[in-house]
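A, B, ... follow the sequence lines: proteins, then strands. Residue 1 opens every chain.
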Protein chains: 2
Amino acid sequence: MDEIDRKLIGLLQEDATRSYASLGKEVGLSGGAAHERVRKLRERGVIRRTTIEVDPAAIGRDVVAYVLVDGSTWMGDAADRLAAIPAVEEAHVIAGPASLLLKVRTAGTRQVQEVLRQVFEVEGVTSTQTVVVLETFFERPSDPQVESRS
Amino acid sequence: MDEIDRKLIGLLQEDATRSYASLGKEVGLSGGAAHERVRKLRERGVIRRTTIEVDPAAIGRDVVAYVLVDGSTWMGDAADRLAAIPAVEEAHVIAGPASLLLKVRTAGTRQVQEVLRQVFEVEGVTSTQTVVVLETFFERPSDPQVESRS
DNA sequence: CGTGAAACGCGCTTCGC
DNA sequence: GCGAAGCGCGTTTCACG
């Protein structure tokens with residue numbers, strides 16, 4: 001994981017269809033060497049997979065909401081139960097004002113209610129608090145470049 | 001945007017390196033036809049780009065935190081100022097207990113402080129409240145399949 | 001560990017239907 | 001939208017530094 005690896009990751013995040021030849025040129029390596037670097041990054045699991053980025057609105061996901069979930073004595077399969085709700089894109093255990101934080105994406109505010117109903121069906125949930133997103137400034141992948149200092 | 005398009009999107013989300021031939025086979029189309037479908041999805045902006053999914057821990061992003069930001073009279077460039085902080089991966093305007101919600105990913109809890117300091121430097125910010133993630137159950141892309149009902 | 005060139009193989013692309 | 005045929009291009013390999 002040196003500077004070159006991080007650059008390769010950054011470039012592939014922008015466009016994973018680039019040829020290894022052009023990739024190599026950009027980082028000052030030959031095509032073959034760039035290929036080998038990327039192969040190892042995949043092998044080590046640093047690069048998990050190649051995927052596409054989809055416009056949420058185009059597939060009927062117009063509104064984003066965050067749901068704070070409170071509850072006690074989670075059944076062991078709470079994570080699975082939440083994963084079974086397609087609109088729930090993230091689920092985190094948090095330290096703070098609630099137990100769980102969910103990121104939810106639905107076609108409209110109406111459908112948020114349906115999701116909340118499904119969340120309440122998960123064993124152990126006692127209450128929820130929903131934060132609706134009015135506007136998203138940006139959503140972007142992790143920057144592979146290290147932040148020096150502090 | 002019919003059922004086949006949604007299937008193609010789902011398959012490409014799982015693995016964008018698949019050949020159009022195998023893609024076509026899976027959805028019951030020829031390779032050429034699948035190619036044409038995907039080309040149009042890209043052209044229409046439904047598919048924004050091909051990218052890689054990276055293991056955050058491998059690039060020094062071990063902790064996730066959500067930051068509720070309060071403030072008034074945002075300078076117009078608040079979004080840009082926040083975007084200039086690499087650790088901030090998402091920024092949303094919300095309805096509810098605060099004005100903004102940020103998703104932050106850093107190397108450690110120590111570095112969260114540094115990010116908060118930078119957030120306070122953004123014109124208009126008066127206070128922040130940070131929620132630290134203890135465990136992430138899952139983070140996944142939007143499901144392209146439509147939810148029927150309600 | 002990287003280089004550079006050469007050969008291979010595969011998938012894309014186009015075509016008539 | 002299909003299926004086959006041709007071709008282009010990137011990958012992969014190799015001897016070498």
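- Listed by chain and residue number, B:R37 satisfy the side-chain hydrogen bond (donor to acceptor under 3.5 Å, both in side chains) test with B:D5 (two or more places apart in sequence, or in another chain).
- Evaluation of the salt bridge (charged side-chain N to carboxylate O under 4.0 Å, His left out) test over residues 15-28 of chain B, restricted to residues two or more places apart or in two chains, returns B:R18-B:E26.
- Between B:R39 and B:E43, at least one side-chain N (NZ, or NE/NH1/NH2) sits under 4.0 Å from a carboxylate O, which counts as a salt bridge.
- Partners of B:Q129 according to the side-chain hydrogen bond (donor to acceptor under 3.5 Å, both in side chains) rule, which considers only residues two or more places apart in sequence or in another chain, do not exist here.
- A heavy atom lying under 4.0 Å from DNA chain C marks the following residues of residues 29-46 of chain A, by number: A:L29, A:S30, A:A33, A:R37, A:K40.
- B:Y20 meets the ring pair (Phe, Tyr, Trp, His ring centres under 6.0 Å) test with B:H35; sequence neighbours excluded.
- Applying the salt bridge (charged side-chain N to carboxylate O under 4.0 Å, His left out) test to every pair with at least one member in residues 126-141 of chain A, sequence neighbours left out, gives these pairs: A:K103-A:E139, A:R105-A:E139.
- Within residues 17-27 of chain A, no residue is approached by DNA chain C to less than 4.0 Å at the level of any non-hydrogen atom.
- Alongside B:V132, the hydrophobic cluster contains no other residue (criterion: ILVMFWY side chains under 4.5 Å).
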If you restrict it to nitrogen or oxygen atoms, what contacts under 3.5 Å exist between nucleotides 6-8 of chain C and the protein, and what is each distance?
none

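- A:D70 pairs by the salt bridge (Lys or Arg N to Asp or Glu O under 4.0 Å) definition with nothing, not counting sequence neighbours.
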Cut-off 3.5 Å, no hydrogens considered: what does the side-chain donor-acceptor table look like for residues 74-82 of chain B, sequence neighbours left out?
residue, atom, partner, partner atom, Å
B:R81, NH2, B:E121, O, 3.3

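- Listed by first then second residue, pairs satisfying ring pair (Phe, Tyr, Trp, His ring centres under 6.0 Å) with a partner in residues 90-121 of chain B read A:Y66-B:H92, not counting sequence neighbours.
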